[in-house]
Number of protein chains: 2
Amino acid sequence: MTNSTRAIDALSALGDPTRRSIFERVAAGPAAVGALAAGLTVSRPAVSQHLRVLKEAGLVTESAEGTRRIYRIDPRGVGAMRDWLDQHWDRALAAFSDFVDQQVEETP
Amino acid sequence: MTNSTRAIDALSALGDPTRRSIFERVAAGPAAVGALAAGLTVSRPAVSQHLRVLKEAGLVTESAEGTRRIYRIDPRGVGAMRDWLDQHWDRALAAFSDFVDQQVEETP
DNA sequence: CTCTTCCGTTAGTATTGACTTACTGTAAGT
DNA sequence: ACTTACAGTAAGTCAATACTAACGGAAGAG
């Protein structure tokens, strides 16, 4: 998978508010599925499904500890999003300053 | 609107694949609605609706030139997303290195 | 003034996907 | 072996939303 593809998946994954909550909780520290579901209004299977999407997007990793599955934040997806965003950040600044310059010329 | 709120809106907005396409085209350079729709498979009203969402998310700006509306990339939304992500980027690296250290200890 | 172009809005439809319930599986404790 | 705890899977429901078709409005050309 290319880095840009991962960035796309990560953006799609974080588009959902519930998944953002889950991701932010995982980002705060490693956690099991049950613990995550306890702090949310949705059921545990729902959390499990969201975690799978986040995992496929490269935003979290999974590791077993007995019957519990511990989820941790994954630098790959976060980094891919960061790279994708940095590209557009540069463009945004350039386009914006061009636009401002143009406005100044038209209204002296 | 707070900066974090704008980051949330921006993430939700870019969750849709069609909106990502539109956003990337606008990021490549200012464009009118018709020109954007011509390069996509969806109808012009659909593009118009997506642009409104992107505008409300602070990702693009609108300016009239006669009957045409020119859309440009907006640094505000892009910057808000960048800030939001940078927070988690730091956590991602820290959590990952902790995890690796722990794995090394357990399997010497 | 009329015609054309370009665009936003509205209403209605269709599709996506988020959620729950029920079930199955696995590991640890007794 | 039985029970308990924890989690993924499957199937079905329902709400959110992406999309099209039809309409209306503003600006420039003739």
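Here is the naming used below: chain letters follow the sequence lines, and residue numbers restart at 1 for every chain.
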Net bend of the helix from C:dC1-D:dG30 to C:dT30-D:dA1, end axes of five pairs each, nearest 10 degrees: 20°
Along DNA chain C (nearest heavy atom to each residue), the more 5'-positioned of A:D16 and A:G66: A:D16
Length of the line joining B:E62:CD and C:dC6:P, which is rounded to integer Å: 17 Å
Donor-acceptor contact below 3.5 Å, side chain A:R25 vs main chain A:G39: yes
Any B:Y71 side-chain nitrogen or oxygen under 4.0 Å from OP1 or OP2 of C:dC7: no
Sub-6.0 Å ring centroid separation between B:F23 and B:H50: no
Test item: B:Y71 and B:I22 side chains (from C-beta on) under 4.5 Å apart, heavy atoms: no
Protein-nucleotide distance (B:R69, atom CZ; C:dC6, atom C1'), rounded to Å: 9 Å
Side chain to side chain, B:V53 and B:R19, heavy atoms closer than 4.5 Å: yes
B:R44 vs B:V33 side-chain heavy atoms within contact, under 4.5 Å: yes
Separation between NZ of A:K55 and CZ of A:R69, rounded to the nearest 0.5 Å: 8.0 Å
CG-CE distance between A:L14 and B:M81, expressed to the nearest 0.5 angstrom: 8.5 Å
Passing option when A:R82 is tested against B:D86, B:D90, B:D83 for salt bridge (charged side-chain N to carboxylate O under 4.0 Å, His left out): B:D86
Contact interval (first through last nucleotide) of DNA chain D with protein chain B, 4.0 Å heavy-atom: D:dA18 to D:dA27
d(CZ, B:R19; C1', C:dT16) in whole Å: 13 Å
Minimum-distance pair of heavy atoms, taken over all atoms of B:A10 and B:G77: CB-O, 4.2 Å
Integer-rounded Å distance: C:dC7 P and B:E65 CD: 11 Å
Any side-chain heavy-atom pair of A:L59 and A:L54 under 4.5 Å: yes
Residues, nucleotides or ligands: over 12 heavy atoms within 6.0 Å of A:R91 CZ: yes
Any residue of residues 41-50 of chain B with a heavy atom less than 4.0 Å from an atom of DNA chain C: B:R44, B:P45, B:S48, B:Q49
Touch class at under 4.0 angstrom, heavy-atom based, for B:A64 against every strand present: nothing
